[in-house]
There are 2 protein chains.
Amino acid sequence: MIQPRPRTIPEATVARLAVYLRVLTALADGGRSTVASGELAAAAGVNPAGLRKDLSHLGPCGVRGVGYEVATLHDRISRVLGVERSRACVLVGIGNLGTALSDYAGFGTRGFEFVGLFDAAPARVGRRIGGHTVRPMEELEEVVAATQACIGVITTPAEAAQAVCDRLAAAGVRSILNFAPVTLAAPPGVDVRKVDLSVELQVLAFMGQQRLVGEPA
Amino acid sequence: MIQPRPRTIPEATVARLAVYLRVLTALADGGRSTVASGELAAAAGVNPAGLRKDLSHLGPCGVRGVGYEVATLHDRISRVLGVERSRACVLVGIGNLGTALSDYAGFGTRGFEFVGLFDAAPARVGRRIGGHTVRPMEELEEVVAATQACIGVITTPAEAAQAVCDRLAAAGVRSILNFAPVTLAAPPGVDVRKVDLSVELQVLAFMGQQRLVGEPA
DNA sequence: AGCCGCTTGTGAACGCAGGAACAAAGTCGC
DNA sequence: GCGACTTTGTTCCTGCGTTCACAAGCGGCT
């Protein structure tokens, strides 16, 4: 029993697939039925050849001489990314950033559902945000077990992040998205993805100043 | 006149340098005076050899047999990244995410100063956040010119992002950090960096589900 | 029906980042 | 003073991601 489609899709490709999916949604709303790789690549900001190679991981899904059917391609990518299935997520740390994420409309339409918001500060417990009530940290394990949540999002201060990570992992969460500015250590089988807003700004600023010395024109 | 140090530092290295800088700050606060590459790499979550290669871009800055002097290395990285100089930033779109960013303490200590907060909604104009008052969009060009702001952060809804990007670029902003879920087109000389929270979650979820089929044990 | 133009899908080459291994160098102990 | 140990800085190499270029295939036109 061979596997005609290698199960390993590069991480960079997965990230771009999510972008293509969003562009396709916009095209479908605009009434377009087909789109060529060149146009789709331009809208996504990538190279046309790279886009075709990305899509080739899903098997043939275009028509030569015509392009890609918007609806079909949208469904195909949705299925591969698992957008159709609902994923239970918990969010710990309901500060400004946590509030922003829990309210963010882009998550709900992509299969992510926040089933629990947690904060250690008693003043924040009980607040209602986007249809959910902020719970105390004591209920974390209980909610994760009850909802089978598999994704945890950490938006706590840096000092609390590692402890929260440990509790999430112990409770059964398998994937963690960390916004706290620390590098987290997680047990094997749990993978952590980090988003560091400060680092993004720093890189941007460095590239800007480097461009100034490189092209003094 | 040769250049003993190649001016091109890889982008991936720059991102890690920012992480090292934060770890070094924590070590200095803890009273440590020297640190070896192994320990520093563990704290930053990278390979020791990779860390040494990153630091080699700054020229020799360690002592063989001992390690790196915390204070010296901190200063060296700070100077390369340009943390010492203050950078004026403007932020457009004061929703939940914009509010979170403008309040984020991690920026001020890294040389980034928000000199203007803007929003199109009259209801938000006039609010005071973190020592600044939200201004109407009409004042954008004026403030950018007066403050020589070189960095713009976009946290508007997707529909408004491209128009804001155009106005920022026209006003003289050279670097843009985009949180809106669209791919922006900017004129040459302006570079855009995108942070897509939805994509991050999507990649995390995909890797999680892929791991399940890969290791069914 | 046959030809032509357009677009996809794939194979090859290039460049880059990451990891491992090794030589240089400095310090500590004797 | 000298040897051995520790740690840095560098070099090589492997693998991955990206880009270019071309053959295969499909629709439309004559």
Side-chain angles (χ1 to χ4, degrees), chain A residues 4-20 24 27 32-70 72-74 76-77 80 183 194 199 203 206-207 210, chain B residues 4-20 24 27 32-70 72-73 76-77 80 183 199 203 206-207 210:
Chain A
R5 186 171 311 151
R7 278 297 174 195
T8 59
I9 297 182
E11 183 174 323
T13 293
V14 174
R16 284 188 295 264
L17 285 178
V19 176
Y20 305 155
L24 287 169
L27 286 174
R32 287 288 297 276
S33 60
T34 63
V35 64
S37 67
E39 187 182 357
L40 193 54
V46 301
N47 188 295
L51 180 139
R52 292 198 297 271
K53 190 178 281 283
D54 285 340
L55 295 183
S56 74
H57 286 106
L58 318 179
C61 47
V63 180
R64 298 175 189 236
V66 177
Y68 300 93
E69 196 176 351
V70 173
T72 305
L73 188 57
H74 184 282
R76 182 83 68 101
I77 296 178
V80 171
T183 304
K194 182 181 170 189
V199 167
V203 173
F206 179 83
M207 284 170 51
Q210 199 178 37
Chain B
R5 184 171 311 150
R7 278 296 174 195
T8 59
I9 298 181
E11 183 174 325
T13 294
V14 174
R16 284 189 294 265
L17 285 177
V19 176
Y20 304 154
L24 287 169
L27 285 174
R32 287 287 297 275
S33 60
T34 62
V35 64
S37 67
E39 188 181 358
L40 192 54
V46 300
N47 188 293
L51 181 139
R52 292 198 296 272
K53 183 176 295 195
D54 286 339
L55 295 183
S56 74
H57 286 106
L58 318 179
C61 46
V63 180
R64 298 174 190 238
V66 177
Y68 300 93
E69 195 177 352
V70 173
T72 304
L73 188 56
R76 181 83 69 101
I77 296 179
V80 170
T183 304
V199 168
V203 173
F206 179 83
M207 284 169 53
Q210 201 178 35

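Fair warning: this is a prediction, and the values are worked out from it, not measured in the lab. Throughout, protein chains are lettered first and strands after them, A, B, ... in sequence-line order, and every chain is numbered starting at 1.
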Practice item. Encode nucleotides 20-30 of chain C as B, S and - characters from 5' to 3', where the letter depends on protein heavy atoms closer than 4.0 Å: B to the base, S only to sugar-phosphate, - to neither. Key: BB--BBSS---

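Rounded to an integer number of Å, the gap from CG of B:Leu73 to P of D:dT8 is 11 Å. To the nearest angstrom, C1' of C:dT8 lies 13 Å from CG of A:Leu40. Between B:Glu11 atom CD and D:dT18 atom C1' the separation is 15 Å, expressed in whole Å. If you take OH of A:Tyr20 and C1' of C:dT8, they are 14 Å apart, rounded to a whole angstrom. For the pair A:Leu58 CG and C:dT10 C1', the interatomic distance rounds to 15 Å; values are reported in whole Å. Following rounding to the nearest Å, B:Leu51 (CG) and C:dA17 (C1') show an atom-to-atom distance of 15 Å.
Summarising the geometry, atom CG belonging to B:Leu27 is positioned 10.0 Å from atom CG belonging to B:Leu73; distances are rounded to the nearest 0.5 Å. The structure places CZ of A:Arg76 at 11.5 Å from CG of A:Leu17, a figure rounded to the nearest 0.5 Å. Note that the NZ atom of B:Lys53 and the OG1 atom of B:Thr13 stand 9.0 Å from one another [nearest 0.5 Å].
Nearest to the side chain of A:Tyr68, among C:dG18, D:dT8, C:dG9, sits C:dG9.
Residue B:Gly67 is classed as a sugar-phosphate contact, given heavy-atom separations below 4.0 Å to backbone atoms only.
Side-chain contact between A:Asp54 and A:Val46: absent, with no pair of heavy atoms (C-beta onward) separated by less than 4.5 Å. Contact check for A:Tyr68 versus A:Thr34: no side-chain heavy atoms found under the 4.5 Å cut-off.
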Just distance, no hydrogens or angles: give the donor-acceptor pairs under 3.5 Å from side chains in residues 59-67 of chain B, sequence neighbours left out.
none

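Using a cutoff of 4.0 Å between basic side-chain nitrogens and carboxylate oxygens, A:Glu69 and A:Arg32 are not scored as salt-bridged.
Between A:Ser37 and C:dT7 there is no side-chain polar atom (N or O) within less than 4.0 angstrom of OP1 or OP2. B:Ser56 has no side-chain polar atom (N or O) that falls below the 4.0 Å cut-off from OP1 or OP2 of D:dG9.
Taking for each of A:Asp54 and B:Gly62 the nucleotide of DNA chain D with the nearest heavy atom, the 5'-most of the two is the partner of B:Gly62.
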